[in-house]
Amino acid sequence: MRSRVSSRLAVAVVGIAAFACAKEKPAEQAAVTAPPAAPNVVHVEATDYSFSAPDTVPSGVTTFHLMNGGKEFHHVVLMKAPLASVQKMDPAAPPPADLVVVGGPNSAAPGGTAEATLDLAAGEYTLVCVIPGPDGKPHMMKGMRRALTVTQGNSTAVLPTPDITVKLSDFAFGIADTIGSGRHVIRYENDGPQQHEVVFVKLEPGKTAEDFLKWAEKLNGPPPASVVNGASPMTTGKSNTVAVDLAPGNYAMVCFIGDSKDMKPHFMHGMVKKITVM
């Protein structure tokens, strides 16, 4: 009898120990598979013609969230240069050869938003908007410039993993003609020898990329397309990562940056990509 009781106790003890181990194991796994730190988020409000943003942010992986409170389209271009240096630049001339431009959220429609995530190094930056107004002058000439100091941070956040990578070159967008609808994380990488940007738009029914380019010349009337998260101008080797929700339809990617040789917009050199989302 005593032997049977002892056997039952032994089984019970083993069962309890196994249950305790089972409870501990998920905790150990959770510690190993804990999600990485989220990127720092910097909110930037644009109006006609100024930026409202923090004066200082830490370095590391950072998401810039643009909110357009103006009546015109605006974007954020992050130049790694002090405000005083940017103010001396001629917007009509090619940028200085040593100027580092790291991108940012591209065009947001009035009342709309845009986002871009990038790995931000410490240093002195200037936020500018170079979209031209109705008079043809870039918004930065109307005062749309703001200094930003990036201090050395200790964030462990990493860039989101993309399911689509678009390589920008002279003068093409490296992306398939057809992609699936739904949520995507897109990384735009500038592999070209000069600056490039991504203006990503969803065309209205019956409209074409040519209709959008014609509208963009004067920005008059209702746009024939709605903007999707793109990437502002970037120098060679820089990248921006964005999240998009794509409904079925016809889309286009365009680069409007002036060529370093003839100053013609890159789309005139063929940097227009028509995309079908199925």
>> Test side-chain contact (heavy atoms from CB on, under 4.5 Å) on C255 and F173; report intermediate values, then the result.
In response: CA-CA 9 Å; C255 181; F173 295 99; 4.0 Å; yes

>> F64 vs V41, test: side-chain contact (heavy atoms from CB on, under 4.5 Å). Steps then yes/no.
In response: CA-CA 6 Å; F64 283 85; V41 179; over 6 Å; no

>> Please evaluate residues Q194 and S260 with respect to the criterion side chain to side chain donor-acceptor pair (under 3.5 Å), reporting the C-alpha separation (whole Å), side-chain torsions for both, the decisive distance (0.1 Å), and the verdict.
In response: CA-CA 7 Å; Q194 57 181 312; S260 59; 3.2 Å; yes

>> Could you go through Y188 and V242, starting from their C-alpha distance and side-chain angles, then the distance that decides it, and tell me whether this counts as side-chain contact (heavy atoms from CB on, under 4.5 Å)?
In response: CA-CA 8 Å; Y188 301 114; V242 304; 3.6 Å; yes

>> Assess the residue pair V198 and L168 against the criterion (side-chain contact (heavy atoms from CB on, under 4.5 Å)); give the C-alpha distance rounded to whole Å, side-chain angles, the decisive distance to 0.1 Å, and a yes or no.
In response: CA-CA 8 Å; V198 184; L168 317 180; 3.7 Å; yes

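Checking side-chain atoms of N68 against main-chain N and O of A109 turns up a donor-acceptor pair under 3.5 Å. A donor-acceptor pair is defined here as one N or O able to donate and one able to accept, closer than 3.5 Å; such a pair exists between the side chain of N229 and the backbone of A243. Judged by distance alone, the side chain of N240 and the main-chain N or O of G104 form a donor-acceptor pair under 3.5 Å.
For the pairing with H266, the side-chain hydrogen bond (donor to acceptor under 3.5 Å, both in side chains) check across H196, Q195, E197 returns one residue only, H196. When each of T241, L118, D119, N40 is checked for a side-chain contact (heavy atoms from CB on, under 4.5 Å) with V61, only D119 meets the rule. Partner of H139 under the ring-ring contact (aromatic ring centres under 6.0 Å, His included) criterion, chosen from F73, F51, Y49: Y49.
When side chains are defined from C-beta on, P39 does not count as touching T62, because their heavy atoms never get closer than 4.5 Å. Looking only at side-chain heavy atoms (C-beta outward), D259 and F171 come within less than 4.5 Å of each other. Counting heavy atoms from C-beta outward, L213 and F256 have side chains that approach closer than 4.5 Å. In this structure, K142 and D135 have side chains that are in contact, with non-hydrogen atoms separated by less than 4.5 Å. No side-chain heavy atom of V254 sits under 4.5 Å from any side-chain heavy atom of F200. Put simply, the side chain of P134 does not reach to within 4.5 Å of the side chain of L219, judged on heavy atoms. Two residues are said to be in side-chain contact when any heavy atoms from C-beta on lie closer than 4.5 Å; P222 and W215 fail this criterion. Contact annotation: the side chain of Y251 never approaches that of L203 to less than 4.5 Å [non-hydrogen atoms, C-beta and beyond].
Between M144 and A46, the shortest heavy-atom distance links the atoms CE-CB, 3.7 Å. A247 approaches S181 most closely through the heavy-atom pair C-CB, 4.4 Å. Annotation for L66 and P105: closest pair CB-CG, 3.8 Å, computed over non-hydrogen atoms. Across all non-hydrogen atoms, the minimal contact from P233 to I257 is CB-CD1, 3.6 Å. A pairwise comparison of heavy atoms in A121 and S59 identifies C-CB, 4.1 Å as the closest pair. Across P58 and G153, no two heavy atoms sit closer than the pair CB-CA, 4.1 Å.
Atom OG1 of T63 and atom CG of L120 lie 11.0 Å apart (nearest 0.5 Å). Between the SG atom in C129 and the CE atom in M140 there is a gap of 10.0 Å [rounded to 0.5 Å]. Rounding to the nearest 0.5 Å gives a distance of 10.5 Å between CD of E72 and OG1 of T47. One finds the CG atom of D191 at 4.5 Å from the NZ atom of K167 (value rounded to the nearest 0.5 Å). Of the inter-residue distances, the one linking L127 atom CG with S50 atom OG reads 12.0 Å to the nearest 0.5 angstrom. With values rounded to the nearest 0.5 angstrom, T151 atom OG1 is found 9.5 Å from N154 atom CG.
Between the side chains of T165 and E189, no donor-acceptor pair is found at a separation under 3.5 Å.
Taken together through direct or relayed side-chain contacts under 4.5 Å among Ile, Leu, Val, Met, Phe, Trp and Tyr, V128 and I131 form parts of separate hydrophobic clusters. In terms of hydrophobic clustering, with Ile, Leu, Val, Met, Phe, Trp and Tyr side chains grouped at heavy-atom distances under 4.5 Å, V57 and V44 are assigned to a common cluster.
The pair R187-D163 does not meet the salt-bridge criterion, since no charged nitrogen lies less than 4.0 angstrom from a carboxylate oxygen.
In this structure, the side chain to side chain contact (heavy atoms under 4.5 Å, CB included) partners of T156, at least two apart in sequence or on a different chain, are A37. Residues that satisfy the side chain to side chain contact (heavy atoms under 4.5 Å, CB included) test with T113, not counting sequence neighbours, are H65, M67. For S169, the side chain to side chain contact (heavy atoms under 4.5 Å, CB included) test picks out A172, with sequence neighbours left out.
Annotation: salt bridge (charged side-chain N to carboxylate O under 4.0 Å, His left out) contacts involving residues 40-69, sequence neighbours excluded, comprise D55-R146.
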Exercise answer: donor-acceptor pairs, residues 75-103 side-chain atoms, under 3.5 Å, sequence neighbours excluded:
residue: H75; atom: ND1; partner: N106; partner atom: OD1; Å: 3.1
residue: H75; atom: NE2; partner: V130; partner atom: N; Å: 3.1
residue: D90; atom: OD1; partner: A92; partner atom: N; Å: 3.0

Counting only pairs under 3.5 Å, give me each side-chain donor-acceptor contact of residues 267-278, with atom names and distances, residues two or more places apart or in other chains.
residue: H269; atom: NE2; partner: D262; partner atom: OD1; Å: 3.2
residue: H269; atom: NE2; partner: D262; partner atom: OD2; Å: 3.0
residue: K273; atom: NZ; partner: I175; partner atom: O; Å: 3.2
residue: K273; atom: NZ; partner: D177; partner atom: OD1; Å: 2.5
residue: K274; atom: NZ; partner: E210; partner atom: OE2; Å: 3.0

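A 6.0 Å sphere centred on NZ of K238 holds no more than 12 heavy atoms belonging to other residues, nucleotides or ligands.
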